[in-house]
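Written below as structure tokens is the structure these notes are about.
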Amino acid sequence: MGAPPKLTPEQRSEALLKAAQSRKRRADIKNKIKSGEYTVDTVLELSQSDDAVAKMRVRELLEALSGVGKVRAQSLMEKLGISPTRRIAGLGRHQIKELRKEFMKNSHAVRPGTLLVLSGPGGVGKSTVATQLRKSGDFWVSVSATTRTARNNELHGIDYYFISDEDFDQKIKHNEFLEWAEFAGNRYGTPSSEVEDALARGENVLLEIEIDGAKQVKQHLPQAILVFLEPPSWEELVSRLEGRGTDGAERRAHRLQLAQEELAAASFFDHVIVNDVVERVVAQLVSLAS
Ligand code: 5GP
């Protein structure tokens, strides 16, 4: 790279102003994509006449779409041979055509998202997978209500809604759960309205729940995709459960017995995935919802 051009103070402040305006314009476009007001087609059209849009990275455009997070955006770009730093203006004709085709189904009405239910024995690593998917933005991950007390590192409204037995009873009475179940002496339930709203917005939704709950979801919503996460081996599961510093010895023994019963439920599920490498599991789940 050559030496940067020498700018007068006026030229520098003009350049800074222009960069700030472009950033604002791109943020505005991304918000419009997120709200569903702009489709991929609209943005590609705009890029012909609007320099700020033309300079937007393809990755930014894709990640702003509902139902597309970092993982899906990356795999789509790999499929179409688009380099990770490519800007919209740098797209080839074939890539534009393929992008349009990929998102045509979303262009007029919001397509409801896919509901994916991730289940499996306690200790198999469901919550690690769910955390990754929440971070990547590929799924809207439901927050359950539970009567269990919070562990040290857990936050109300983020990990769970920690509620009393009485409140849980009220929620059952008012039909507020899509499913609920008892597990190891506590109750857990999925708030239905939040899940329904996210699906209606076109988000792909992930529920990370135990097996009875997964079966209930399938009864209410047969279109839900049920995924069973299996440990690489029984020994691996035992060592993960034994290594949990958060549970007492009695609770760990109970969880081990439960896990044995839970492993037998795999056949009920639409897909069984072995949790060997988290990134691989994440990519498989994203492709199931695409
Ligand atoms: P933990 O107490 O370790 O956070 O969770 C215990 C079990 O409850 C895990 O298998 C977890 O997947 C499950 N679980 C969490 N939230 C829900 C829920 O809303 N419904 C059901 N049925 N199970 C849940």
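Counting starts at 1 for both ligands and their atoms, in listed order. Bear in mind the structure is a predicted one, so any value in this text is a computation, not a measurement.
One side chain, Q74 or E78, offers a donor N or O that lies under 3.5 Å from an acceptor on the other. Under 3.5 Å, the side chains of T39 and T42 contain a donor-acceptor pair of N or O atoms. A side-chain donor from one of T8 and Q11 sits under 3.5 Å from a side-chain acceptor of the other. Q21 and R25 are not linked by any side-chain donor-acceptor pair at a separation below 3.5 angstrom, with hydrogens and angles left out of the test.
The nearest heavy-atom contact from the protein to atom 4 (O) of ligand 1 is Y160 OH, 2.5 Å. Closest protein heavy atom to atom 16 (N) of ligand 1: S144 OG, 3.1 Å. At the top of the distance list for atom 7 (C) of ligand 1, counting protein heavy atoms only, stands F183 CD2, 3.7 Å. Remark: minimum distance from atom 13 (C) of ligand 1 to any protein heavy atom is reached at E210 N, 3.6 Å. Counting only heavy atoms of the protein, atom 2 (O) of ligand 1 lies nearest to Y188 OH, 2.5 Å.
Near E179, with a cut-off below 4.0 Å to any heavy atom, the atoms of ligand 1 are 18 (C), 19 (O), 20 (N), 21 (C), 22 (N). Of all atoms in ligand 1, numbered sequentially from 1 with element shown, those under 4.0 Å from a heavy atom of K126 are 9 (C), 10 (O), 12 (O). Proximity to R151 (heavy-atom distance under 4.0 Å) selects the following atoms of ligand 1: 1 (P), 2 (O), 3 (O), 4 (O).
Counting heavy atoms under 4.0 Å from ligand 1, residue R187 does not touch it at all. Residue-level proximity to ligand 1 for E262 is absent, since no heavy atom of it falls below 4.0 angstrom. Contacts between E208 and ligand 1, counted as non-hydrogen atom pairs separated by less than 4.0 Å, involve both the backbone and the side chain.
Here the side chain of R240 pairs a donor or acceptor atom with the backbone of V124 at under 3.5 angstrom.
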Could you walk me through whether D167 and K171 satisfy the salt bridge (Lys or Arg N to Asp or Glu O under 4.0 Å) test, starting with their C-alpha distance in whole Å, then the side-chain angles of each, then the deciding distance to 0.1 Å, before giving a yes or no? CA-CA 6 Å; D167 285 348; K171 286 185 186 295; over 6 Å; no
Kindly indicate, with the supporting measurements, whether the criterion salt bridge (Lys or Arg N to Asp or Glu O under 4.0 Å) is fulfilled by E262 and R255. CA-CA 10 Å; E262 286 174 318; R255 288 205 170 211; over 6 Å; no
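Contact check for D138 versus N204: no side-chain heavy atoms found under the 4.5 Å cut-off.
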